Peer 1: 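Can you read through this structure? Questions will come right after.
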Number of protein chains: 2
Amino acid sequence: SVNPDLASERQTASFSVEKLTAWLDGGAEHTRMRRAVVEAIERDPVFSRENQYFQSQNERYEAAVRKAVHLQKKMHEMGWNENGPEFKYIYRAVSGDIAFLLHRVFMRSISVLGSDKQIAKWMPLATQYQLIGSYAQTELGHGTYLQGLETTAVFDITTQEFILNTPKISAMKWWPGDMGRSATHTVVFAQLYVHEKCYGVHPFIVQIRSLQDHSLCPGITAGDIGPKMNFEHIDNGYLMLQNVRVPRENMLNKFCEVQPDGTYVRWGSQKINYFTMTTVRISLISDEVLIPLMKACTIAIRYSAVRRQSKLKPGEQEAKILDYQTQQEKLLPQLAAAYAFHLTNDYLQELFKKGYSEIQKNNFDRLPELHALSSGFKATITQYCTAAVEICLRACGGHGYSLLSGLPSLYTKILASCIYEGENTILLLQTARFLIKCFMAASAGQPVPPSVTYLAAVKPGKCPAKNKLDFLSPDIYTEAYQHMAFRLISSTAAKLQDLIQSGVKKHDAWNQCTVQLVQAAKAHCHYITVKNFAETVEKLETKAGIQKIMKHLCDLFALHGIFSNTGVFLHDGYISGAQMDMVTASYLDLLAVIRKDAVPLVDAFDFTDKNLNSALGSYDGQVYQRLYEWAQKSPTNKQMSPAYERYLKPLLHNTLSKL
Amino acid sequence: SVNPDLASERQTASFSVEKLTAWLDGGAEHTRMRRAVVEAIERDPVFSRENQYFQSQNERYEAAVRKAVHLQKKMHEMGWNENGPEFKYIYRAVSGDIAFLLHRVFMRSISVLGSDKQIAKWMPLATQYQLIGSYAQTELGHGTYLQGLETTAVFDITTQEFILNTPKISAMKWWPGDMGRSATHTVVFAQLYVHEKCYGVHPFIVQIRSLQDHSLCPGITAGDIGPKMNFEHIDNGYLMLQNVRVPRENMLNKFCEVQPDGTYVRWGSQKINYFTMTTVRISLISDEVLIPLMKACTIAIRYSAVRRQSKLKPGEQEAKILDYQTQQEKLLPQLAAAYAFHLTNDYLQELFKKGYSEIQKNNFDRLPELHALSSGFKATITQYCTAAVEICLRACGGHGYSLLSGLPSLYTKILASCIYEGENTILLLQTARFLIKCFMAASAGQPVPPSVTYLAAVKPGKCPAKNKLDFLSPDIYTEAYQHMAFRLISSTAAKLQDLIQSGVKKHDAWNQCTVQLVQAAKAHCHYITVKNFAETVEKLETKAGIQKIMKHLCDLFALHGIFSNTGVFLHDGYISGAQMDMVTASYLDLLAVIRKDAVPLVDAFDFTDKNLNSALGSYDGQVYQRLYEWAQKSPTNKQMSPAYERYLKPLLHNTLSKL
């Protein structure tokens, strides 16, 4: 039975939820495939996440291994494969809660960085799980700056082997997933030395555990790095190497090789490899960032339609908290952001598909742009969505703080996305470097890549809006974002030049501008997101009410961005104080409009109850019943605590002193 | 041995760390007392938090009970008592990681709400731990809005008892600490009914567990609510009551009573009671909010002085990450905030001391102001500091994400302070209500309380700053904050009046203004914080370099606030775009200045390594060694996982199908 407070929300939807779901999935046939996968996974008790919130790190790890192993069987049974269209739905259905994800990265490394011979040797072993792979790059003292890695691989010409060492504690490999307890092999990134000359960082396949009894190989020290904010199911590991020898053939040598006599040879272009690293940043957006945000919105919005607290009008019953303007202002912009970034993701996927086909024709011209966009969007989307999930969590008050709401684990997991695959600040500065370069080129009349052509256009004038309705025009707000991004980029470029012209050294000048460079990079990505949202909405078919509601969400996303960052629009008077009051008025009006469709808009994300795994967010909205039932399953309720006999009883019976 | 990168930071301190510590403590004699308490606690192995990050919820609970019981003994031994000056240092030394905190609230409830007779009966039992108390107010479906509580207490004239019931699942008591597993008694808040007439919410002492064997009393269902984001050591509980009878004397009756014939009598003023609730919000700021922030700053800043990553200048060694402007911009404003709010806390404590002495003279005039300030500051400080701790965590990259850094638990714990003792949005709206009222009064020429006299002054004109150095003048920035707060309050008051005059009902108009009312309330608190910081700095003695560094921090706090909220200052042109560029320049200059003293500034907080309990933040800065040592203690490293024999081995040996 559905909570009537939730049921009533669904009766007045202004659009077809099923149609919106199909559109989000990229077509009804995808929706059907997704549902079939989800059903097959959720029907299978091995994949249950029912007790997840009660499990220890050890239990979570074991469950993840069990699921990963079972998944092999399941995929065979269902006729799915790792490169098939179903795989992303499988990952979504198990909420990423499986082991051996790094095994996939191990395989990708070999297929991208290995020679045909290496691929022929290692890929069958990996595919058949005759080994379990990992990927050992990050060190205890070194992350982002790869050139700083301290692990060494010295070529020994007499034995035709590389001798690998982690010479200092800071050189210890730290963080690699699947390595703490599972992996038998890993790809170790180390500084290559031949005849005492350093050739920089290269990848080496190293066996770390016996294939017979899983004991550590000679010279290997490895283990689990211990508790983290989340990812309890993953055995992130450490690895020390002491004179570990691997044959010459174990250096992945698609692009370069150490020949038997010690000659170092490099060939081909590694650019395609950079492209691969770039695509990883894009590929994580959907699974690791957007889905968690969509789940958080679903949980918080359904709960807000069911939770009643305090009175809006004297004499009436307590109001749904979703009816409070402050609650709408917390949640609805996050919902709009989920849709906005879903479309940004589509845009990036499309861009990368095109980029890839160009690259296959050996045209690498768009690589800098793709790198800048992937860095900037990885950083802005992870940052925005992490903040958004936290807002959803806080908006649910005390119940949001319970693990049973599902929100804490969504938050602690999405938070990691700000750090892995490139720390966000570093990434934004890479985007900024590209933008400054393009701005200089544009100023000098040179051609610039498509996404930054606006940098070539002069932007004088003021925002032409005359009343609050004008701010519901995509042209008006997209123009405002463009102006703002242009101003931040150009003024930072000017500061940088001024500093250099006044005699400050280039790298010092750069450091003194980095706070503003980060702002500029974010502004660029924000502009592109708004522009893409507006353009997509315009192209939408008008039937089924989808275009209308998407237009509202696009307006909300754009105006929320202005409302939350008024200063950057007011700074040069492009938007005046009086116009900003219009923005605020339109923005607050929109909250009330979208509030009416809030529940249908999260229903369209189409999460099953099992997948949400939230006592607050289930489809039926039976929040209190579920919290109570779940709490009773907690191990803290399963036994009389030994604390009673040991401490409480002697305390209460005043016999402590006798113990 | 201290990491040389950290040692070098200490050699150039511009002030005496020991003098600053004494000033923070409120005098050198307090520092001595604090250190003595800390030493006694930390020498005692029972209070060790060494394994905290590895423990399950059950283990944490048991340890908290063990510590609480042991603390009784320790206090007796040391001659400390719960109302003595040492108690706050004890709480700090154990990091709040003990049981029976709600027992204290139980006692305070009785002493504040109980009659002399009730106090005489219950207080000795509680003091001697012949019972363990809790405090059952919040319900599964009801938090902030006390009038909505659903638990009932019906007076049965024939037996002279109250019959308590939780008639629906949403009426179940939910969250009370110490109640899930420990408490024998609790104070239940319930709607009082006599002769079918409801008299509103009243407190009742109810026994829930047997004093003999700790079994639940008849009619009682109780247990633990399960896993939360933090507070694993606390047995937050649920409680259902089915026809539970307590004698008439168990209703706490200092202010009102049900007489034997069912007559309801009320006497005296409950205002003093409101005052007590108000002081709780203030009292949590220091222990639950500022200390966690100070710890987070200590950890993140020490780590940033030791962690080297990438190169600032070509050819040099990798740079300390604290030398990057972006890292300074993350951390140093949080450090400034810790000092700013420390002083706000002093200001509030002083105000409440004065308020209390007035109230004891039966002068309740300042109560509304105190209530508004305690609500507003509880909300703004908890919100600001929670965000600040999160920034510290993220600024430490991957290592900040490890529980061993100490940062995740600081974050997940401080986050709760945004929710408990009044949800922040609700509290800010109470402050806003007071501000609007005062603004109206001031506009009508009526007197207003001291903290809001600025609302009476007309504020025309523009910011007079002419260059970036002018923005280092406290008069300039304090005036800007005042202007901004005044504008937000007055414009929201105007909107509210316009709506009402245009025919919108009062409560609807209020709801339509709440987003802006929240902004106005925050602006007021921000202004008071800046003003108080500036005034305190001015009064500081100039020796030992303390005034100078505090002036820098005050400037940084103020300019960071403008830099991060440029829009509200630019909106009406009070600060121009050109002036905002000066703010930015001064702000960024200050980062480089304060960076030089960053490590001494956190050293002054004077946390011991045991108290910090962080692999990143120890005094000696031996980060990597400690992370490795601690990881080895993790239970995930203590055993070969059963997952190997069960899943990995059959997988690798291709014998899965045979299982």
Side-chain angles (χ1 to χ4, degrees), chain A residues 53 56-58 62 65-66 69 129 140-141 143 145 148 169-170 175 181 211 214 223-229 309-310 312-313 318 325-326 329 394 397-398 401-404 408 416 418-419 423 425 507 511 514-515 566-567 570-572 577 580 624-625 631 634 636-637 641 643-644 647 651, chain B residues 53 56-58 62 65-66 69 129 140-141 143 145 148 169-170 175 181 214 223-229 309-310 312-313 318 325-326 329 394 397-398 401-404 408 416 418-419 423 425 507 511 514-515 566-567 570-572 577 624-625 631 634-637 641 643-644 647 651-652:
Chain A
Y53 304 127
S56 69
Q57 194 178 354
N58 271 328
E62 184 162 344
V65 171
R66 182 175 66 238
V69 169
Y129 281 96
L140 195 39
Y145 184 67
I169 188 161
S170 53
W175 279 113
R181 314 177 81 171
L211 289 169
H214 220 237
D224 186 287
I225 64 164
K228 301 143 293 185
M229 264 186 114
Q309 197 70 6
S310 204
L312 258 176
K313 300 184 190 181
E318 291 187 58
Q325 190 189 48
T326 46
E329 212 270 322
R394 291 204 204 180
Y401 191 77
S402 164
L403 291 199
L404 307 180
C418 296
I419 300 161
E423 197 276 330
T425 303
H507 48 261
N511 191 27
T514 46
V515 167
T566 53
L570 289 165
H571 191 102
D572 63 347
M580 198 52 85
Y624 301 135
Q625 190 61 38
S634 170
T636 50
N637 273 320
S641 166
Y644 175 67
Y647 310 109
L651 180 72
Chain B
Y53 304 126
S56 70
Q57 194 178 356
N58 272 327
E62 184 162 343
V65 170
R66 182 175 67 238
V69 169
Y129 281 95
L140 195 39
Y145 184 67
I169 189 160
S170 54
W175 281 111
R181 313 177 81 170
H214 219 238
D224 186 287
I225 64 165
K228 301 143 292 185
M229 264 187 114
Q309 196 72 5
S310 206
L312 257 176
K313 299 182 192 183
E318 291 188 58
Q325 190 190 47
T326 45
E329 212 268 324
R394 290 203 206 180
Y401 192 78
S402 163
L403 291 199
L404 308 180
C418 296
I419 300 161
E423 196 278 330
T425 304
H507 48 260
N511 191 28
T514 46
V515 167
T566 53
L570 289 164
H571 190 102
D572 63 348
Y624 302 135
Q625 191 61 38
S634 171
T636 49
N637 272 320
S641 166
Y644 175 65
Y647 310 110
L651 180 71
L652 288 164

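Chain naming here is simple, since letters A, B, ... match the order of the sequence lines and numbering starts at 1 in each. This one's a predicted model, so the numbers in the text were calculated from it and none came from an experiment.
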Peer 1: Would you mind checking which part of B:N511 comes under 4.5 Å of any heavy atom in chain A, side chain (CB onward), backbone (N, CA, C, O), both or neither?
Peer 2: both

Peer 1: With a 4.5 angstrom heavy-atom cut-off, could you sort out which part of B:E318 is near chain A: side chain, backbone, both or neither?
Peer 2: side chain

Peer 1: Give the member of B:K228, B:Q325, B:H214 that has the highest number of heavy-atom pairs under 4.5 Å with chain A.
Peer 2: B:Q325

Peer 1: Is chain A contacted by the side chain of B:T514, its backbone, both, or neither, given a heavy-atom distance below 4.5 Å?
Peer 2: both

Peer 1: Distance check, rounded to the nearest 0.5 Å: A:L140 atom CG versus B:Y624 atom OH?
Peer 2: 6.5 Å

Peer 1: Between B:G223, B:A416, B:S170, who has the most heavy-atom pairs with chain A when the cutoff is under 4.5 Å?
Peer 2: B:A416

Peer 1: Please flag which part of A:E62 lies under 4.5 Å from any non-hydrogen atom of chain B: side chain, backbone, both or neither.
Peer 2: both

Peer 1: If you define the side chain from C-beta out and look only at heavy atoms, does anything of B:Y644 sit under 4.5 Å from A:R181?
Peer 2: no

Peer 1: Heavy atoms only, distances under 4.5 angstrom: which of B:P227, B:S56, B:G226 has the most pairs with chain A? Name it, please.
Peer 2: B:P227

Peer 1: Considering only heavy atoms from C-beta outward, does the side chain of B:H571 approach that of A:T566 to under 4.5 Å?
Peer 2: no

Peer 1: Pick one of side chain, backbone, both or neither for B:L403, based on which atoms fall under 4.5 Å of a heavy atom in chain A.
Peer 2: both

Peer 1: Who among A:N637, A:L312, A:L570 has the most heavy-atom pairs with chain B under 4.5 Å?
Peer 2: A:N637

Peer 1: At a heavy-atom distance under 4.5 Å, which candidate from B:Q625, B:Q309, B:Q57 has the highest pair count against chain A?
Peer 2: B:Q309

Peer 1: With chain A as the partner, which of B:V65, B:T326, B:V515, B:V69 has the greatest number of non-hydrogen pairs under 4.5 Å?
Peer 2: B:V515

Peer 1: Let me know if B:Y129 has heavy atoms under 4.5 Å from chain A in its side chain, its backbone, both or neither.
Peer 2: both

Peer 1: Sort out for me which of A:G397, A:G148, A:S310, A:G143 touches chain B most, counting heavy-atom pairs under 4.5 Å.
Peer 2: A:S310

Peer 1: What residue, out of A:D572, A:L404, A:I419, has the most heavy-atom pairs lying under 4.5 Å from chain B?
Peer 2: A:I419

